[in-house]
Amino acid sequence: MRLLVCGGAGFIGSNFVRIRVRDHGDDVVVLDKLTYAGRPENLQDVEHTFVHGAIEDPEAAAEAMGKGVDAVINFAAETHVDRSIAEPDAFVKTHTQGTYVLLEEARRRGIRYVQVSTDEVYGSIEEGSFTEESPLAPSSPYSATKAGADLLVWSYFHTFGMETVICRGSNNYGPYQYPEKLIPLMILNALHADRLPVYGDGMQVRNWLYVEDFARGIGHALEHGGAGEVYNVGGPDECPNLEVVKRIVELTGADESIIEYVTDRPGHDRRYSLGSEKIRALGWEAQVRFSDGLPRTVDWYRDNAWWWEPIRSGDYRAYYERQYGKALGR
Ligand code: NAD
Ligand code: TYD
């Protein structure tokens, strides 16, 4: 297949491109705006055609889709909840206007469309797991705008009969994840003996999914998913944040005294949990348990300083000071 991967220079997008090119022999066009999270080096070892542009720019969308693609997979997004609380503007633009522009262009050309979405559109759940029929109840500007995009995608199936599929993943972790997110932030801080800022009581629970499992799930939905369908892609293990952080302390050989409880995130969702029976019925299964994926991820960060050193010494510093400086008394 020839695929257009929007947001392919980011964490999950680049892992998806690598798997599609290497394991499936696909031809890939990437459309990416290269925000702070989009990094060309994430794709330096994979053959692809690159179009630099924003998904909300109709000319960029037309140029990328004009390269004769069979399907569009949209990963492009602003993805960090804390940033959506501080500055929601880009989240609204990219998720609503951007998704709309891609849908219009794909509809005009009759191209199959896969939207990459998140479990966060369902909100928080104390017990049990969300199914694809659970109501949408997003609670942050990030998840609310992602839910808006999902509804727009569904409307293009319902109204225009467009071939759309939505994949909702749980929390991903693995190589190439920008260190604003819990796991890479804690790994890099622990490797530098910096403090580990745990929000609130640290008992919030996330459903951890190794990035290659999500990438394979999206590929599965692309190839076998029904038009207009939604597929949850959840990880095999749930874990409270504090336990994740303690395991990272152990794996990096750091000292537990660097763990520091800081003010909780406003509107913090307590627990996410996804039921994935529907995509399992299509033949997908998560292959990597958290107990294997976490040490593998720690090793990747330890061995790939070339990747994170420029990030930690660049704009990320200013972000880190804004987000954590006061809480950590710096
Ligand atoms: P990321 O932040 O690492 O990468 C996002 C990519 O999108 C970057 O390359 C960035 O440059 C690009 N981008 C942002 N705005 C753009 C725009 N307007 N036009 C073109 N490109 C733009 O994100 P990620 O963690 O790889 O997430 C990818 C997708 O998966 C997102 O849609 C996200 O909502 C979803 N998702 C993420 C997780 C997770 O745990 N990270 C879980 C479930 C779903
Ligand atoms: P995050 O990686 O931001 O993903 P999401 O908010 O999309 O689930 O955060 C994962 C969990 O870790 C979440 O409960 C917030 C918590 N967290 C911390 O306790 N400290 C931190 O510095 C970060 C970034 C997250």
Side-chain angles (χ1 to χ4, degrees), residues 5-16 30-40 42-43 51-57 60-61 64 73-85 90-91 93-95 97-99 101-102 115-121 124 140 142-143 145-146 149-150 167-174 176-186 189 195-209 211 214-215 217-218 232-235 239-242 244-245 259-262 264-265 268-272 274 320 323-324 327-328:
V5 180
C6 303
F11 163 50
I12 307 173
S14 62
N15 277 283
F16 177 81
V30 169
L31 170 62
D32 200 296
K33 186 177 163 182
L34 298 180
T35 66
Y36 72 94
R39 309 189 67 81
N42 292 358
L43 288 171
V51 178
H52 186 197
I55 56 168
E56 63 272 23
D57 173 1
I73 303 95
N74 182 26
F75 291 87
E78 292 290 336
T79 59
H80 194 38
V81 173
D82 292 326
R83 290 188 195 248
S84 86
I85 294 167
F91 291 73
K93 287 191 184 120
T94 295
H95 301 172
Q97 187 70 13
T99 302
V101 167
L102 291 180
Q115 177 75 0
V116 180
S117 184
T118 163
D119 56 359
E120 302 190 29
V121 298
S124 188
S140 71
Y142 163 67
S143 52
T145 50
K146 288 295 289 184
D150 283 11
C167 278
R168 296 187 178 135
S170 60
N171 278 68
N172 277 228
Y173 68 103
Y176 302 100
Q177 186 168 32
Y178 195 82
E180 64 194 350
K181 305 289 193 321
L182 178 75
I183 288 181
L185 185 149
M186 297 298 172
N189 280 18
R195 281 176 285 171
L196 310 181
V198 171
Y199 295 164
D201 62 2
M203 294 314 289
Q204 304 83 4
V205 172
R206 296 295 183 261
N207 183 185
W208 293 103
L209 174 63
V211 62
F214 190 32
I218 294 164
N232 288 345
V233 185
C239 193
N241 294 338
L242 188 58
V244 175
V245 173
I259 295 176
E260 185 144 336
Y261 294 90
V262 299
D264 207 353
R265 171 188 282 173
H268 199 168
D269 285 335
R270 197 72 183 160
R271 176 171 172 264
Y272 298 137
L274 273 187
Y320 194 85
Q323 180 65 25
Y324 299 99
L328 293 175

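Just so you know, these numbers use all the heavy atoms, side chains as well, and skip hydrogens, waters and symmetry mates. Start at 1 and go down the list; that is how both ligands and their atoms are numbered. Numbering of residues begins at 1 and proceeds along the displayed sequence.
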If we only consider heavy atoms of [X], is any one of them less than 4.0 Å away from an atom in ligand 1?
X      : result
Ser14  : no
Tyr173 : no
Ala60  : no

[X] neighbourhood, listing ligand 1 atoms whose heavy-atom distance to it stays under 4.0 Å:
X      : result
Phe75  : 28 (C), 29 (C), 31 (C), 32 (O)
Ser117 : 43 (C), 44 (C)
Leu34  : 11 (O)

Quiz item: Looking at side-chain heavy atoms only, is the closest gap between Asp269 and Arg206 below 4.5 Å?
Solution: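 The answer is yes, as the side chains (C-beta and beyond) meet within the 4.5 Å cut-off.
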Please compare Ala77, Gly38, Ala149 and report which has the shortest non-hydrogen distance to atom 13 (N) of ligand 1.
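Result: the heavy atom closest to atom 13 (N) of ligand 1 is in Ala77.
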My understanding is that we take every heavy atom of each candidate and find the minimum distance to atom 1 (P) of ligand 1. Doing that for Leu43, Leu31, Leu209, Thr79, which one comes out nearest?
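Minimum heavy-atom distance to atom 1 (P) of ligand 1 goes to Thr79.
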For [X], which part has a heavy atom under 4.0 Å from ligand 1: side chain, backbone, both, or neither?
X      : answer
Glu56  : side chain
Thr35  : both
Lys146 : side chain
Ala90  : neither

Could you tell me whether some N/O pair between [X] and ligand 1 is separated by less than 3.5 angstrom?
X      : answer
Ala54  : no
Asn172 : yes
Ile55  : yes
Tyr142 : yes

Return the closest protein heavy atom for [atom] as residue, atom name and distance.
atom                    : result
atom 20 (N) of ligand 2 : Pro197 O, 2.8 Å
atom 14 (O) of ligand 2 : His268 NE2, 2.7 Å
atom 16 (C) of ligand 2 : Asn241 ND2, 3.4 Å
atom 3 (O) of ligand 2  : Arg265 NH2, 3.0 Å

Applying a 4.0 Å heavy-atom criterion (strictly less than), which segment of [X] is in contact with ligand 2: side chain, backbone, both, or neither?
X      : value
Glu180 : backbone
Tyr324 : side chain
Asn171 : side chain

Quiz prompt | Residues Glu180 and Arg83 bridged, charged N to O under 4.0 Å | solution =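 Yes, Glu180 and Arg83 are salt-bridged.
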| field | SB check Glu260 Arg195 (cutoff 4.0 Å) | value |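 Looking at Glu260 and Arg195, the cut-off is met.
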- Query: Is there a heavy atom in Gln323 that sits closer than 4.0 Å to ligand 2?
  - Reply: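 No.
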- Query: For the residue pair Tyr199 and Tyr324, does the interplanar ring angle fall in the parallel (under 30°), tilted (30 to 60°) or perpendicular (over 60°) class?
  - Reply: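 Plane angle under 30°, so parallel.
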May I ask you to check whether Met186 has an N/O atom sitting below 3.5 Å from an N/O atom of ligand 2?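 No, no N or O pair falls under 3.5 Å.
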